[in-house]
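First up is the structure itself, then whatever we jot down about it.
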There are 2 protein chains.
Amino acid sequence: MSSVNTDGGSRGSGRIPLNAATAVDKACPHNVNISCASCRLNELCLPIALSKAEIHQLDEIVQRNRPYKKGDHLYRQSDEFKSVYAVRSGSFKSYVLGTSGQSRVTGFFLPGEIMGMDGIASKDYANSTVALEHASICEIPFFQLEKLSHQLPNLQHHFFAIMGNEIAKDQQIHTLLSSYTAEERTASFLLGLSSRSSRVSLSPTRFLLPMTRSDIGEYLGLTVETVSRIFTALQRKGLIKVRNREVDLLEIDTLRAIVTTN
Amino acid sequence: MSSVNTDGGSRGSGRIPLNAATAVDKACPHNVNISCASCRLNELCLPIALSKAEIHQLDEIVQRNRPYKKGDHLYRQSDEFKSVYAVRSGSFKSYVLGTSGQSRVTGFFLPGEIMGMDGIASKDYANSTVALEHASICEIPFFQLEKLSHQLPNLQHHFFAIMGNEIAKDQQIHTLLSSYTAEERTASFLLGLSSRSSRVSLSPTRFLLPMTRSDIGEYLGLTVETVSRIFTALQRKGLIKVRNREVDLLEIDTLRAIVTTN
DNA sequence: TTTGGAGCTTAATCTGGATCAACAATCAAT
DNA sequence: ATTGATTGTTGATCCAGATTAAGCTCCAAA
């Protein structure tokens with residue numbers, strides 16, 4: 001069905017089709033020969049609010065590596081912090097391992113979003129981050145980003161904003177986890193994916209879940225079984241349609257009402 | 001018992017005794033005639049890692065306002081974002097209001113800690129922030145902090161670190177709320193206060209809770225009753241001693257074990 | 001010094017979501 | 001096509017923590 005190549009691990013080959021068949025692939029080709037200036041995500045990624053000349057300077061420090069296969073790690077918990085990463089295509093999850101080996105998902109990352117900011121303070125990454133599907137990234141070595149931010153006030157300002165946004169978002173999740181029911185959490189999660197989907201010019205009502213039910217549960221503080229049951233319940237109420245990883249938000253306003261009325 | 005003045009609201013008077021009687025007051029006088037250079041918190045607040053000359057420049061933009069009384073708001077949810085604030089003495093909580101008026105606590109702030117970073121991205125504060133006791137702050141107008149950061153690479157670097165630290169901390173809370181039991185959450189909370197207490201050169205095993213049981217519950221996603229019960233249970237096990245707002249951590253390693261073994 | 005209200009504790013009961021268990025669907029690898 | 005592993009669903013039971021209810025402690029204000 002998809003024309004994504006399956007050459008089984010030759011990550012460095014670069015022979016990735018420019019126009020794969022799925023919506024996600026079309027939106028975000030895994031092409032490595034791209035610049036921030038020409039990247040279709042530049043309006044929502046780091047280059048936002050930078051001038052042409054500034055984007056060119058940013059381009060100089062951005063490294064566009066080989067793509068990642070599903071299950072490949074970008075970095076692991078307590079690796080030395082070196083870079084932040086922007087998702088160019090595909091998706092990632094970050095997670096930590098508990099003492100008895102259980103994983104807890106701390107975030108999901110879609111195209112245009114920045115990963116690795118949890119390492120800035122401690123000089124070690126606090127999470128592991130792994131590709132949920134075939135994916136590609138832009139690596140931005142942090143000490144170079146700092147140096148450049150010092151030359152470009154716009155970039156400094158924007159990176160403060162990106163971090164501030166992450167802080168605000170994390171605090172919303174704090175509220176979600178401390179006081180929402182399973183149904184409210186799940187509805188909120190779907191609505192979040194919806195708006196992130198439309199951010200990258202895809203449908204806000206119909207998208208693919210790149211993560212498993214178990215990932216969702218670990219992220220929302222619920223068990224797989226509960227996530228599954230809530231999906232079924234929301235479907236029975238006619239608010240969504242789920243078929244495997246494919247989700248349709250049929251009654252987006254009712255979903256919003258579930259979240260708001262808590 | 002305390003010599004804190006009770007002149008009933010003349011917040012602008014500035015006639016605050018230099019050495020109040022409580023431990024907290026001794027540690028953090030509400031004195032407004034102070035500079036970053038002479039502040040006893042400068043090793044853990046914004047000036048960290050700055051040179052004498054740089055601290056002097058920072059001093060120029062820091063505003064040391066009148067002290068706050070218990071219940072006074074620093075800013076409210078959706079006020080226009082203008083400044084970040086460092087706690088000089090006392091303590092604060094941040095919270096958001098749900099649609100039906102219930103409050104949810106999103107954070108507590110002790111001396112040397114920075115408040116208001118949730119507003120950086122959106123230009124509006126996402127939380128309300130209120131004094132839990134008589135307290136004083138340093139206000140740092142954000143656009144001036146940005147301008148100065150642009151001149152002082154050390155300050156830029158350090159502020160990135162402060163924000164990165166906030167992000168890492170918020171993600172720990174995500175994990176806490178999504179997978180810890182009531183006892184684990186409470187133990188973790190007490191240990192957190194313990195290390196923050198020792199950060200400001202107070203005892204790591206004996207301190208006063210500036211917040212109510214209800215605040216703790218709203219922060220940890222538990223009810224007041226549960227918090228109260230857990231305190232009692234930990235006390236019966238001989239791990240802590242609680243008497244009103246006063247806490248003694250008697251078996252700090254066992255508390256750590258409770259948190260780790262989850 | 002009384003009084004009222006906020007804050008805290010304890011006990012009895014209830015319930016949302018976890019746990020346990022079984023099975024179905026999907027997919028990758030032969 | 002067959003196999004095994006991973007992922008997802010559904011049902012039955014259980015329990016941690018919520019809810020409800022009552023009384024207690026503390027302290028500020030009259």
Side-chain angles (χ1 to χ4, degrees), chain A residues 1-2 4 6-9 69-71 93 102-105 130 132-134 176-187 208-236 240-247 258 262, chain B residues 1-2 4 6-9 69-71 93 102-105 130 132-134 176-187 208-236 240-247 258 262:
Chain A
M1 179 220 173
S2 153
V4 166
T6 51
D7 62 5
K69 295 194 316 298
K70 176 176 174 172
K93 74 169 176 188
Q102 349 76 308
S103 94
R104 292 120 202 213
V105 174
V130 63
L132 292 172
E133 59 190 314
H134 195 71
L176 183 106
L177 293 176
S178 71
S179 65
Y180 284 32
T181 63
E183 190 183 47
E184 288 161 355
R185 291 177 203 200
T186 308
L208 291 177
L209 300 173
M211 72 294 282
T212 65
R213 305 287 193 269
S214 169
D215 288 333
I216 298 172
E218 284 174 30
Y219 180 73
L220 295 178
L222 304 170
T223 58
V224 210
E225 293 93 330
T226 301
V227 173
S228 179
R229 268 187 267 266
I230 300 282
F231 275 7
T232 308
L234 290 176
Q235 182 157 33
R236 259 201 278 273
I240 67 174
K241 188 166 175 310
V242 223
R243 151 93 183 143
N244 302 329
R245 299 291 181 87
E246 197 184 323
V247 181
I258 286 176
N262 78 84
Chain B
M1 177 219 174
S2 152
V4 166
T6 51
D7 62 3
K69 295 195 315 298
K70 175 176 175 172
K93 74 168 177 187
Q102 350 77 308
S103 95
R104 299 131 192 203
V105 174
V130 64
L132 292 172
E133 57 190 315
H134 196 70
L176 183 107
L177 293 177
S178 71
S179 64
Y180 285 31
T181 62
E183 189 184 48
E184 289 161 354
R185 291 178 203 199
T186 309
L208 291 177
L209 300 173
M211 72 292 284
T212 66
R213 304 287 192 269
S214 169
D215 288 334
I216 297 173
E218 283 174 31
Y219 181 73
L220 295 177
L222 304 169
T223 58
V224 210
E225 293 91 333
T226 300
V227 173
S228 179
R229 267 188 272 267
I230 300 281
F231 275 7
T232 308
L234 290 175
Q235 182 156 35
R236 260 202 277 272
I240 67 174
K241 189 166 175 311
V242 224
R243 151 95 182 139
N244 301 330
R245 299 292 182 89
E246 197 184 324
V247 180
I258 287 176
N262 77 85

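Reckoned from all heavy atoms, side chains included, excluding hydrogens, waters and symmetry mates. Every chain is numbered from 1, with letters handed out A, B, ... down the list of sequences.
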**Euclidean distance, A/I216 CD1 relative to A/R185 CZ, rounded to 0.5 Å** = 14.0 Å
**Message:** What is the separation between atom CD on A/E246 and atom P on C/dT26, rounded to the nearest whole Å?
**Reply:** 13 Å
**Prompt:** Got a donor-acceptor contact below 3.5 angstrom from the B/R213 side chain to the B/V224 backbone?
**Reply:** no
**Message:** Please give me the minimum heavy-atom distance between A/V247 and A/V242, naming the atom from each residue.
**Reply:** CG2-CG1, 3.9 Å
**Complete:** For A/M211 and A/L132 the tightest heavy-atom approach is CB-CD1, 4.1 Å
**Fill in**
Scanning both residues in full, the closest heavy-atom pair of A/A182 with A/L222 reads CB-CD2, 3.8 Å
**Sequence-aligned protein contact record of nucleotides 3-21 of chain C, with B where the base is within under 4.0 Å of a protein heavy atom and S where only the sugar-phosphate is** = ----SSBBBB----SSBBB
**Request:** Provide the start and end nucleotides, 5' to 3', of the part of DNA chain D that has atoms under 4.0 Å from heavy atoms of chain A.
**Result:** D/dT7 to D/dA12
**Side-chain donor or acceptor of B/E184 paired with backbone N/O of B/T181 under 3.5 Å** = yes
**Request:** Examine distances only and state if a side-chain atom of B/R245 and a backbone atom of B/L208 form a donor-acceptor pair shorter than 3.5 Å.
**Result:** no
**Prompt:** So which heavy atom on B/F231 is nearest to which on B/L209, and how close?
**Reply:** CE2-CD1, 4.0 Å
